[in-house]
Protein chains: 2
Amino acid sequence: MSKLENLLREFDLRATPGRQEVLQIFLNYDFALSHSDIEKDMPKEADRVTLYRTLKTFLDKGIIHKVLDDQGGLKYALCSHSCNHEQHNHNHVHFKCNNCGQTTCLDVHIPPVKLPKGFNISETNLLMQGICGNCNRS
Amino acid sequence: MSKLENLLREFDLRATPGRQEVLQIFLNYDFALSHSDIEKDMPKEADRVTLYRTLKTFLDKGIIHKVLDDQGGLKYALCSHSCNHEQHNHNHVHFKCNNCGQTTCLDVHIPPVKLPKGFNISETNLLMQGICGNCNRS
DNA sequence: GTTTATGCAAATTCTTTGCAATACT
DNA sequence: AGTATTGCAAAGAATTTGCATAAAC
């Protein structure tokens, strides 16, 4: 049984070829992907609707998490260990490079923010933009 | 000359009825509005395309700013003083209540975040979610 | 064999573009 | 008068839904 199949089973998912394909695409890149990024990487006969459903399933199961985008779309990136069906547990900064366009998950924690009394926080999303390390170097 | 007209002129915009209308809608609410929120508040004969253009113009001129949404859309909220055509200057936290659905600009600064060497930051967006003060009270 | 996922068709909604008519200053 | 804005039509994307078929376990 392949690595991809195992990974999907770990999340209580049937290891269909389509899902393995999408999972592999995420593994191939170290930055967040939009629906259309993924679509471009799939065999052309793949069905867009199935991809919608696959992404939704992956989100629900805690395989991937949403990455906000300043243009209003969404991107997706693989979760690290701590996520599952019950709870997503993300506390890292997302950085979008305005030069290369890539959005990456940084290994930097979002600092705690104190809100006024009465606010309960369940989720936090921090998107920073600018020029990334790679683009500055070149 | 009305307050709305003056406000638009301050931003170098012609004070057309459509723009005054949209501006008034923003003034009527103290939370961020999506394109469709605004559309619902406009007279039904209003043109969707014009609204797209009005929002774009308001963004460019620094009258409103983008508010990211966890569902992938965008919302918009009035800027405070410090924004103009040259530069948007936002450093406040956005909070989306998962109960009432409203996203508000909080008067809370985004704490500084130290990124690895080589990263330049030009913009920062922090969206927190949970239950807002109002909803917790009731 | 049962349950879950896929593919396809179709409907809806969202967004963009071009252009002629209109309104603003 | 001159320039910017609007409204309309139309095209193109993006997203959702239902259902019958096929695949996974």
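Lettering follows sequence order; numbering is per chain, from 1.
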Check: Taking it one step at a time, do B/Asp69 and B/Lys96 satisfy salt bridge (charged side-chain N to carboxylate O under 4.0 Å, His left out)?
Finding: CA-CA 8 Å; B/Asp69 186 76; B/Lys96 176 173 181 176; 2.9 Å; yes
Notebook entry, point to check: Where do A/Leu23 and A/Leu78 land on the side chain to side chain contact (heavy atoms under 4.5 Å, CB included) test, with the steps shown first?
Noted result: CA-CA 9 Å; A/Leu23 190 48; A/Leu78 288 174; 4.0 Å; yes
Notebook entry, point to check: Taking for each residue the nucleotide of DNA chain C with the nearest heavy atom, is it B/Ala15 or A/Leu13 whose nucleotide lies nearer the 5' end?
Noted result: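 The residue mapped nearer the 5' terminus is A/Leu13.
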Next item on the list: Identify the 5'-most and 3'-most nucleotides of DNA chain C with at least one atom closer than 4.0 Å to a non-hydrogen atom of chain B.
Entry: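 It runs C/dC14 to C/dT25.
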Side-chain polar contacts of residues 123-138 of chain B - donor-acceptor pairs under 3.5 angstrom, sequence neighbours left out - could you list them?
from	atom 1	to	atom 2	distance (Å)
B/Gln129	NE2	B/Asp70	OD2	3.1
B/Gln129	NE2	B/Asn98	OD1	3.0
B/Asn134	OD1	B/Arg137	NH1	3.3
B/Asn136	ND2	A/Gly118	O	2.3
B/Ser138	OG	B/Asn134	O	2.9

Examine distances only and state if a side-chain atom of [X] and a backbone atom of [Y] form a donor-acceptor pair shorter than 3.5 Å.
| X | Y | answer |
| --- | --- | --- |
| B/Arg19 | B/Arg14 | yes |
| A/His90 | A/His65 | no |
| B/Gln20 | B/Ala15 | yes |

Note to self: Side chains of A/Asp37 and A/Ser34 only: does a donor on one sit below 3.5 Å from an acceptor on the other?
What the structure shows: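 On atom types as modelled, these side chains qualify, holding a pair under 3.5 Å.
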Check: Can you find a side-chain donor-acceptor pair between A/Tyr29 and A/Asp41 that sits under 3.5 Å?
Finding: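 There is such a pair (donor and acceptor under 3.5 Å, judged by atom type) between the side chains of A/Tyr29 and A/Asp41.
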Would you mind writing out the side-chain donor-acceptor pairs for residues 103-116 of chain A within the sub-3.5 Å range, not counting sequence neighbours?
from	atom 1	to	atom 2	distance (Å)
A/His109	ND1	A/Asn91	ND2	3.3

Note to self: Checking A/Gln71 against B/Lys66 for the side chain to side chain contact (heavy atoms under 4.5 Å, CB included) test, could you report, in this order, the C-alpha distance in whole Å, the side-chain angles of both residues, the deciding distance, and whether it holds?
What the structure shows: CA-CA 9 Å; A/Gln71 297 309 302; B/Lys66 291 177 184 176; 3.6 Å; yes
Next item on the list: Assess the pair A/Phe58 and A/Tyr76: is the distance between their ring centroids shorter than 6.0 Å?
Entry: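 Judged by ring-centre distance (under 6.0 Å), A/Phe58 and A/Tyr76 do not meet the cut-off.
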Check: Between the two ends of the helix from C/dG1-D/dC25 to C/dT25-D/dA1, what is the bend in degrees, rounded to 10 degrees, where each end axis spans five pairs?
Finding: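 Terminal axis comparison yields 40°.
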Note to self: Tell me which residues in residues 47-55 of chain B lie within less than 4.0 Å of DNA chain C, going by non-hydrogen atoms.
What the structure shows: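 DNA chain C contact set from residues 47-55 of chain B: B/Arg48, B/Val49, B/Tyr52, B/Arg53.
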Item checked: Spacing of CE belonging to A/Met42 relative to OG1 belonging to A/Thr50, to within rounding of 0.5 Å ->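 One gets 8.0 Å once the value is rounded to the nearest 0.5 Å.
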Next item on the list: Using chain B heavy atoms and a threshold of under 4.0 Å, write down where along DNA chain D the contacts begin and end, 5' to 3'.
Entry: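 First and last nucleotides in contact are D/dG2 to D/dA9.
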